[in-house]
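Naming convention: chains lettered A, B, ... in sequence-line order (proteins, then strands); numbering from 1 in each chain.
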Protein chains: 2
Amino acid sequence: MGATKTEEFTLADITVAKYAKALGHPARIAILRILLERTSCICGDIVEELPLSQSTVSQHLKELKEAGLIKGDIEGKKVCYCIDAQAWQEAQQLLQIIFGKYKPCDTSCC
Amino acid sequence: MGATKTEEFTLADITVAKYAKALGHPARIAILRILLERTSCICGDIVEELPLSQSTVSQHLKELKEAGLIKGDIEGKKVCYCIDAQAWQEAQQLLQIIFGKYKPCDTSCC
DNA sequence: TTTTATTATCGTAAAATTACGATTAAAAGT
DNA sequence: ACTTTTAATCGTAATTTTACGATAATAAAA
């Protein structure tokens, strides 16, 4: 027990959940905001902007990378992070589809 | 250690993260899909549609409720679940804003 | 009133997450 | 070569999540 029953769900649900989970921490939202702010992506100064230690930020970056939402290329001494355009679009679309499915309830109970 | 440093982030980031976290499990996505499928909201048969035990489903429902995304009203013997329109819209908007911020990178590194 | 159906909660266990300091690795600068 | 800078990884600890069976709690049905 304790581990998610991944195999039992549809690929679509697993994929959306994966992206949503990556977005499910304020530190990672903050990191993404920093990356979204700039058109260039030399960003070795993410740590300074967050109230967390270097190792913790690195861990959050790793999770965003593992979810596919960001990429990190070594650029000399620093690492160059940026949003992964494809994954970003996929996440946006998948979530948009789900959110768009809502139609107001016609029964009196809610 | 182990607990999220909630106070140190902006309310916006905490709020989006809260919604995203609630969406961050395939079972909860599946539950939301079931609720989104119908215009009425008498839904006591969520358990049958999922590969999880009754207590586990109940726990997932609780988390969706605590995040604000769904409501549950007692309707006789059963409980009537449905999407919370306001929270749903807020979550959609907050995520949409973040996703919309992306502009392709103009440097060569990614 | 007793039974049945439905959902929540409790207790428990395994696993994952969050966080930090310390260490390592790699590249650049001296 | 040595030092410095930058980021990842390791080791560790607390907390949270995921999951289940068993047990309440509540309301309808018999």
N/O (side chain, B:His60) to phosphate O (OP1/OP2, D:dA19) under 4.0 Å: yes
Of A:Thr4 and A:Lys65, the one whose closest DNA chain D nucleotide lies more 5': A:Lys65
Below 4.0 Å: OP1/OP2 of C:dC20 and any side-chain N or O of B:Lys5: yes
Touch class at under 4.0 angstrom, heavy-atom based, for B:Gln59 against every strand present: base
Length of the CD1-P vector between B:Ile70 and C:dA8, whole Å: 9 Å
B:His25 vs D:dA19: side-chain N/O to OP1/OP2 distance below 4.0 Å: yes
Tabulate below the donor-acceptor pairs under 3.5 Å that side-chain atoms of residues 13-22 of chain B make, not counting sequence neighbours, or state none.
from: B:Asp13; atom 1: OD1; to: A:Arg33; atom 2: NE; distance (Å): 2.5
from: B:Asp13; atom 1: OD1; to: A:Arg33; atom 2: NH2; distance (Å): 2.8
from: B:Asp13; atom 1: OD2; to: B:Thr10; atom 2: OG1; distance (Å): 3.4
from: B:Thr15; atom 1: OG1; to: B:Leu11; atom 2: O; distance (Å): 2.6
from: B:Tyr19; atom 1: OH; to: B:Glu90; atom 2: OE1; distance (Å): 2.6

D:dT17 OP1/OP2 closer than 4.0 Å to side-chain N/O of A:Lys21: no
Touch class at under 4.0 angstrom, heavy-atom based, for A:Ser58 against every strand present: base
Contact letters for nucleotides 21-29 of chain C, in which S counts primed atoms plus P, OP1 and OP2 and B counts the base, heavy atoms under 4.0 Å: BB----SS-
OP1 or OP2 of D:dT6 under 4.0 Å from side-chain N/O of A:Tyr81: no
No-hydrogen, no-angle side-chain donor-acceptor test under 3.5 Å, A:Ser53 and A:Thr56: yes
